[in-house]
2 protein chains.
Amino acid sequence: MAKIHEVAKAAGVSISTVSYALSGKRTISAETRRRIEQAVRDLDYRPNAGARMLAGRRTNIFALTEPFRADTHAPAHMAFVLATSIAARRFDYDILLLTEEEASAGMRRVASSGLVDGVLVLDVAPDDERVDLARRISLPSVFIGVPNDHEGLVCVDLDFEAAAGLAVDRLAELGHRVIGLVGHPPVAYEKSNFPPRVRSGFERRAAELGLVASVELPEPNGRRGEGVRASVRALLDAGTTGLVLHCDDAGHAAALDEVARRGLVVPHDVSVVSVGATFDTTAFHPPIDSVPLVPQASCDLAVDLAMRLVEGDDVAPGVHLIEPGYQDRGSTAPPP
Amino acid sequence: MAKIHEVAKAAGVSISTVSYALSGKRTISAETRRRIEQAVRDLDYRPNAGARMLAGRRTNIFALTEPFRADTHAPAHMAFVLATSIAARRFDYDILLLTEEEASAGMRRVASSGLVDGVLVLDVAPDDERVDLARRISLPSVFIGVPNDHEGLVCVDLDFEAAAGLAVDRLAELGHRVIGLVGHPPVAYEKSNFPPRVRSGFERRAAELGLVASVELPEPNGRRGEGVRASVRALLDAGTTGLVLHCDDAGHAAALDEVARRGLVVPHDVSVVSVGATFDTTAFHPPIDSVPLVPQASCDLAVDLAMRLVEGDDVAPGVHLIEPGYQDRGSTAPPP
DNA sequence: TTGAAAGCGTTACCAT
DNA sequence: ATGGTAACGCTTTCAA
């Protein structure tokens, strides 16, 4: 582990020049810069993290708080963690994990020990206890998800209302008049922050367009997705020709299977659009149109905002919504 | 953010006394200790992380490297990450995440910047590139999983061979003579480190006991677990009365469903034992006997070893195997 | 464009 | 049992 002193000696300059050359906070002559970079490479120099944290104003670490709830969907959660890490690395930041009970107590701990420059909040509940905590600590924080009470907080999320609206628009444009939403289990509408937004976006846009719109919230799947199957049957019995799916991938599979069991063909007999999926809807048969939730988009924005807060730039508190995009996979057509 | 200086002043002692009182590295009179603890509480003092890293010999951070492979089983992976974090907190250590490409390059980075005291390696592949890296860097590292070439490394894992052996023992004791293993997809035997160990444990113990033992490696599941179903059919057709399952929870469900479809009842007609499951096998109907893989056990041991390495205690390089335990849930009985 | 030197807040050694 | 103080390795202000 070479130190800055050795680099300075090797390059024939002072340590402050080395520091400035590395941080870019001061103009350095081309020749001097070249010699320093050479020395850095030769010695495989890397600034000591502790010294940097102590002397500088930055730790180059963000905390990521994630209370693995029992109902957390592991694959989606993993995707968000990964996306956060990738986004942070673009700014040379690392991610420190705060899990479980530590998700709250840890926030206080890392804040007052100066271990991190900011906190990214994942897996947000409507009445999340981390909301108060975020207001109390002196660190910048960004919520990935929207709690009910988000006054004064910086939040990032997909515009789920608009996403559901896009799905409804598509079906309406094709001539569907009777549409249905297959949502999450009822409990998710209390414990998670986004299902209600999909639902209201669906209902509002349908009402604006004068469509007949039903919502089904299947009970938690049995081993074979019985809940979702029952929901799909109910919707089809009611003459639904356009299905909007906002459920996990097993739910999608069950719904499509139930449609097929009826002898109905997608998109000829029934049109199907997925909303808010983090998984690949082209893996189904047939591939399904999707207005996806893209973890990397949310996390990139969250980290951008966190960086701005760290830099001291002012960021408008409030919900920063990400515009949804419609992915056409051929699973929609005019009603029969 | 109070500093140690303020605590010292409030308690009427020197800063070194405060430091020693907090670290416990020196005996402090009861009265002095009381005053210091009071001052710490009053001021909500927490040592500055950067200063601590710089002055002390420790950063109190472990890196956790995890290359989210495409075939990574998200729920199991999450369980390991969580367990690692919990184990680390017991020693007042935090977890820094190194994901994806950073899983390797990051190891070098955090090692030479002195950001962490050690590296925990998750999701180990048989020919893992982190093996060489671990040997090259100067930091302690502990592998949770066993790579093919683990010479000189400290590895921790469930004794999968013994686990499979326990399952075979159980079936043999009950009188089963024809048993079968439903394993992972063939590719897992190249990309992961533990499926081969379950397989060989199964085959070896069965051979020792003179049982007829077959192994089925189902192709990756279709939507309904077709691969596993075919494997179960093949085994039952061959007169198998004892089934050992080493697959994911969807595979378990498919296998049990296939048994039921045949009109066979567990355990009356067929006995079933799960090996290496990280999920709850009591949620099936009927509940299934299990020789589980307990993430917290592996991670606790891994962190214990990492701590010893950090302390400078010498730890025997090699594979530290965790003894498996048999959980009786009533899914085994003598053959019909 | 560059250098010197004063911190940053602890830990741990050397005294007493 | 306690105190003084020299590191720890960097960033940044002040000077030139």
Side-chain angles (χ1 to χ4, degrees), chain A residues 1-37 39-40 43-61 92 110-117 310-312, chain B residues 1-37 39-40 43-61 92 110-117 310-312:
Chain A
M1 297 209 210
K3 310 168 192 194
I4 196 171
H5 181 77
E6 310 176 42
V7 175
K9 196 155 66 177
V13 296
S14 70
I15 63 169
S16 59
T17 300
V18 174
S19 178
Y20 281 118
L22 260 40
S23 69
K25 290 184 182 175
R26 171 150 118 173
T27 48
I28 304 283
S29 76
E31 168 57 11
T32 303
R33 151 158 285 125
R34 204 196 51 68
R35 290 215 312 282
I36 291 175
E37 282 167 356
V40 165
L43 298 169
D44 191 32
Y45 169 74
R46 221 104 100 273
N48 177 278
R52 216 173 173 182
M53 287 169 66
L54 183 56
R57 193 171 294 137
R58 307 272 200 81
T59 70
N60 280 59
I61 302 177
D92 197 30
V110 296
S112 54
S113 70
L115 220 199
V116 306
D117 293 333
V310 169
E311 308 270 355
Chain B
M1 297 208 208
K3 309 168 192 198
I4 195 171
H5 181 77
E6 310 175 40
V7 175
K9 195 155 65 178
V13 296
S14 71
I15 61 169
S16 59
T17 301
V18 174
S19 178
Y20 282 118
L22 261 40
S23 70
K25 292 185 180 174
R26 170 150 119 172
T27 48
I28 304 284
S29 75
E31 167 57 13
T32 303
R33 152 159 286 126
R34 204 196 50 68
R35 290 216 313 281
I36 290 174
E37 280 168 356
V40 165
L43 299 169
D44 190 32
Y45 168 75
R46 222 103 115 256
N48 177 279
R52 217 174 174 182
M53 289 168 67
L54 183 56
R57 194 172 291 137
R58 308 269 202 82
T59 70
N60 279 60
I61 301 176
D92 197 30
V110 297
S112 53
S113 69
L115 219 198
V116 307
D117 294 333
V310 169
E311 308 269 355

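Numbers restart at 1 for each chain; the letters A, B, ... are given by sequence-line order, proteins then strands.
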Shorter than 3.5 Å, N or O on both sides, protein versus nucleotides 14-16 of chain D: list them out with atom names.
none

Using the 3.5 Å cut-off, write out each protein N or O paired with an N or O of nucleotides 6-8 of chain D and the distance between them.
{"residue": "D/dC8", "atom": "O2", "partner": "B/A55", "partner atom": "N", "Å": "3.4"}

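Listed pair A/T32 / C/dT1 fails the phosphate criterion, with no side-chain N or O lying under 4.0 Å from OP1 or OP2. OP1 and OP2 of D/dT5 both lie 4.0 Å or more from every side-chain N or O belonging to B/S16. Within the structure, a side-chain polar atom (N or O) of A/S29 is placed less than 4.0 Å from OP1 or OP2 of C/dT2. Using a 4.0 Å cut-off, some side-chain N or O of A/K25 falls inside it from OP1 or OP2 of D/dT12. In terms of phosphate contacts, B/R57 brings no side-chain nitrogen or oxygen within less than 4.0 Å of OP1 or OP2 of C/dA12. Side-chain N/O atoms of A/S19 include none lying less than 4.0 angstrom from OP1 or OP2 on D/dT12.
Taking every side-chain heavy atom of B/P47 into account, C/dT10 is the closest of D/dT11, C/dT10, D/dT2. Candidate nucleotides C/dT2, C/dG3, D/dG9 were compared by shortest atom distance to the side chain of A/S14, and C/dG3 ranks first.
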For this session: Kindly indicate, with the supporting measurements, whether the criterion side-chain hydrogen bond (donor to acceptor under 3.5 Å, both in side chains) is fulfilled by B/R46 and A/S113.
Result: CA-CA 5 Å; B/R46 222 103 115 256; A/S113 70; over 6 Å; no
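Atom NE2 in B/H5 sits about 11 Å away from atom P in C/dC8, given to the nearest Å. Between the CE atom of B/M53 and the C1' atom of D/dC10 there is a distance of 12 Å, given to the nearest Å. Rounded to whole angstrom, the span from the CZ atom of B/R46 across to the C1' atom of C/dG9 amounts to 16 Å. Atom CZ in A/R34 sits about 13 Å away from atom P in C/dT2, given to the nearest Å. What separates CG of B/N60 from C1' of C/dT10 is a distance of 13 Å, to the nearest Å. In this structure, the CG atom of A/N48 is 17 Å from the P atom of C/dG9, given to the nearest Å. Here D/dG9 presents its C1' atom at 14 Å from CG of B/L115, a figure rounded to the nearest Å. Between the CD1 atom of A/I36 and the P atom of C/dG3 there is a distance of 8 Å, given to the nearest Å.
At a threshold of 4.5 Å between non-hydrogen side-chain atoms, the residues B/L22 and B/I36 count as touching. The shortest side-chain heavy-atom distance between B/Y20 and B/T27 does not fall under the 4.5 Å cut-off.
Ion pair B/E311/B/R57 not flagged as a salt bridge, since none of the NZ, NE, NH1 or NH2 atoms sits closer than 4.0 Å to an Asp/Glu carboxylate oxygen.
Side-chain N or O atoms of A/R35 include one that pairs as donor or acceptor with a backbone N or O of A/A11 at under 3.5 Å. With A/E6 contributing its side chain and A/K3 its backbone, the two residues share a donor-acceptor pair below 3.5 Å. Judged by distance alone, the side chain of A/D117 and the main-chain N or O of A/T59 form a donor-acceptor pair under 3.5 Å. Checking side-chain atoms of A/S23 against main-chain N and O of A/S19 turns up a donor-acceptor pair under 3.5 Å. Formation of a donor-acceptor pair under 3.5 Å by the B/N60 side chain with backbone atoms of B/D92 is found in this model.
Shown here for B/S16 and B/R26, the closest heavy-atom pair between the two residues is OG-NH2, 4.4 Å.
Sequence order on DNA chain D of the closest nucleotides to A/A2 and B/T17 puts B/T17 first from the 5' end.
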